[in-house]
2 protein chains.
Amino acid sequence: MTAHVAGGDLSRLRQLNADAVVRVLRDEGPRTLTELARLVGLSRASTEDVVQELLEVGWVAEVGPAAGGVGRPARRYRFRADAGQLLGVDVGGHKVLAVVTDLDGTVLHSRQLPVTPELGRSERLAAVDAVVDRVLRAAGLTGDRLWGAGVATTGLVDGSGRVMLSEALAEWTGVDLAGHLRDRVGGPVRVENDCKVAALAETWRGVARHASDMVFILAGWRTGAGLIVGGRLHRGFGNAAGEIGALPAAGWQRAPGHLRHAGDVFAAARTGDKAALTAVRRYVKDLAQGISALVLTLDPELVVIGGGFSRSADVFLEPLRAELDRWCLRTPEIRVSTLADEGVALGAAKLALDLSAGRSYTRSRN
Amino acid sequence: MTAHVAGGDLSRLRQLNADAVVRVLRDEGPRTLTELARLVGLSRASTEDVVQELLEVGWVAEVGPAAGGVGRPARRYRFRADAGQLLGVDVGGHKVLAVVTDLDGTVLHSRQLPVTPELGRSERLAAVDAVVDRVLRAAGLTGDRLWGAGVATTGLVDGSGRVMLSEALAEWTGVDLAGHLRDRVGGPVRVENDCKVAALAETWRGVARHASDMVFILAGWRTGAGLIVGGRLHRGFGNAAGEIGALPAAGWQRAPGHLRHAGDVFAAARTGDKAALTAVRRYVKDLAQGISALVLTLDPELVVIGGGFSRSADVFLEPLRAELDRWCLRTPEIRVSTLADEGVALGAAKLALDLSAGRSYTRSRN
DNA sequence: ACGCCTTTAGATGGAGTCCTTGATATCTCG
DNA sequence: CGAGATATCAAGGACTCCATCTAAAGGCGT
């Protein structure tokens, strides 16, 4: 058992207060000292001291005072999202995508390469290297300047960053992705399943920003899920949480198969094509079985639909809602992801950010 | 959004350290100052100061020094479980059970009354009053001496302690249980679903003490589940987490029906009775569908079987394990609850304890 | 332009908590 | 009975937070 948040030194208190200040500035935007003091619950004097230290270390910066208002103009401070950069990599079957983001999750640079599911292990790793190389060059960064890197890929991933099982990608089981990346970037590296980090991305920058219990559905030619429980990514004891597709009653294995016959089924369905509509209906029926199992288990506030099919959500969202109503005690709100192709990579960057949390807020003493 | 653990006052630091000391003494048993200091990470002098304060306030007590050993004998301190008492009430269909426990969850007194599912609302409430009355009298306590009270009952319960929906108990939907109890006991009162609190009890005093992700199954004439996720009870957005029985593929509604025909099916199955074995097999099959949906969703470390049938677990545990192996990616460890009839009431007491957490550790400054 | 009002900036002293160091106390072992 | 080991107790110093006071910097009315 690790030590909880078990008190400690005086410096720990300062750490907590600095963390609170940073969090407020990050979440609420630029604030004056007086506002900050009220929001974090410290006295003005102490807040000033904390901010002074954060200024020196580079976590915050001063912005021009707000115009208007009575009294002496207050200095205003903002979170310095540009204080560090994060790398997020999405290693998929059909593309490898890497992004460099700032600490707020704004994508600064993005590069990708097309690949195929059949590609061999070393070729895929080479593609990863190439994409990381390019995006770092575009950002004008070397790997050791990064605060951290996150990698997302399909399949089960173990705690050390090794791919334990990947059915969709050739020669991918057993790859030590974290080890591979660690040689190329400084800072910590973490590998995680793509559905899981996509869920992270939705709570960070997506449509689930204020949900503490959320189910993310990756809807595409593969189907998967990522769970946010109690505000945190839920991995499960063996990192296999959310793998409801294994349940035969949840027809996630066969679900996308219904869509395979026509060319662009969704477009056809939009025009009223009977066969396409039937295919979509079948797809939704299978998909809904799995989602309702997840929803009944967790009773989330929100279900977010992402993945490749999400851009056609207008076609199947209503049928899905109706189908869920049949099974769920309380059908949660359903929203469609707006993060497009970058969702997974963005979530990987968030993984990196969480990893580098607890970076020192305090100036090192002499 | 509530304020996280957002730093604050100096006194907050003392609070955290006192909390750490109390937790260590509670979890690890009596310790000397030197051991305590190492375990909580404070200096010896500071630890001494904290313990001194806890002694004055009554959270800890001194015990005789350990015999043997070289050097000056160290004073030893223990957590004072008897510093407060908790009330836990289990309002079920067939019995109403109330316990008074100490802060460690040791049951000091226990009283129960038989009831029937058909009993009217006011009669059931009268039974609750009677049982609470008796157990308090047995403990020599008045209601206002209690630190808190927890109540568990079947059905969905809302945040304010009102029963939103109960199908098993007559006239029970809409009862304001918390309000009813609040008139009779001092301290905070909380109401929760019985499966959920039974899960709590298992992590407190049962077989799941060190599991942070656990699925509790209440197996009886009703079937239900309670979830521990990330070390905490997971309630869900609408307090309906774990209601997987609503999924038709999980045959939890009909599962116990298979057992209804024979008298004591489990006893018969134990003797090799064919019909009984078939009934049990069918029961297990239905039960396993629901459990595997929960397990695939959460990937818990542990599944705990409780409820009335758990005393016959020897008959169905192996078939259940085998059935789960068919569906689960990784079948978790399965254990049988040892808390017997008192599990739910004990969990209710834990509910009360969590409620009164954050009670002051510090002497009030004049 | 000048003074008044309001709000913030910056400085000072005090209180609370923790740490380090050293002196003293008590037990075991030889 | 002394040496060694370990614990208790006390004093001084460092760090963090708070309350309070004075100075500064704007807007606004005259």
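Residue numbers start from 1 in every chain, and the chains themselves are labelled A, B, ... in the order their sequence lines are given, proteins ahead of strands. Values reported hereafter were calculated over all heavy atoms of this structure, with side chains retained and with hydrogens, waters and symmetry mates removed.
Side chains of B:Ser160 and B:Asp158 form a contact here, defined as non-hydrogen atoms less than 4.5 Å apart.
Using a 4.0 Å heavy-atom criterion, one finds that A:Arg44 contacts the bases of the nucleic acid, with or without backbone contacts as well. Note on B:Ala45: a base of the nucleic acid sits closer than 4.0 angstrom, heavy atoms only. Heavy atoms of B:Thr34 sit under 4.0 angstrom from primed sugar atoms or phosphate atoms, though from no base atom.
For the pair A:Pro73 and B:Thr47, nearest-nucleotide mapping onto DNA chain C gives the more 5' position to A:Pro73. Between A:Asp9 and A:Val70, the one whose closest nucleotide on DNA chain C sits nearer the 5' end is A:Val70. Heavy-atom nearest nucleotides on DNA chain D were determined for A:Leu10 and for A:Arg72, and the one closer to the 5' end corresponds to A:Leu10. Mapping B:Gly71 and B:Leu33 onto DNA chain D by nearest heavy atom places B:Gly71 at the nucleotide closer to the 5' end.
In this structure, B:Arg209 fails the cation-pi test against B:Trp204, since its NZ or CZ atom is not both closer than 6.0 Å to the six-membered ring centre and inside 45 degrees of the ring normal.
For the pair B:Arg205 (side chain) and B:Glu202 (backbone), a donor-acceptor distance under 3.5 Å is absent.
Nucleotide C:dT12 holds its P atom 14 Å from the CG atom of A:Asp49, rounded to whole Å. Atoms CD (B:Gln52) and P (D:dT8) sit 12 Å apart, rounded to a whole Å. The interatomic distance linking A:Asn17 (CG) with D:dC15 (C1') rounds to 13 Å, in whole Å. In this structure, CG of A:Leu16 is placed 13 Å from C1' of D:dT16, rounded to the nearest angstrom. For the pair B:Arg14 CZ and D:dT16 C1', the interatomic distance rounds to 15 Å; values are reported in whole Å. As a whole-Å value, the separation of A:Leu13 CG from D:dA14 C1' is 15 Å. Between A:Glu35 atom CD and C:dT7 atom C1' the separation is 12 Å, expressed in whole Å. Straight-line distance from the CZ atom of B:Arg38 to the P atom of D:dA7: 11 Å, rounded to whole Å.
Side chains of A:Asp104 and A:Thr106: no donor on one and acceptor on the other come within 3.5 Å.
Look at A:Ser46 and you won't find any side-chain N or O under 4.0 angstrom from OP1 or OP2 of D:dT16.
Ion pairing between A:Arg14 and A:Asp49 holds under the 4.0 Å rule for side-chain N and carboxylate O.
Closest to the side chain of B:Val50, from the set C:dC27, C:dC18, C:dT6, is C:dC18. Candidate nucleotides C:dC18, D:dC18, C:dT7 were compared by shortest atom distance to the side chain of A:Ser43, and D:dC18 ranks first.
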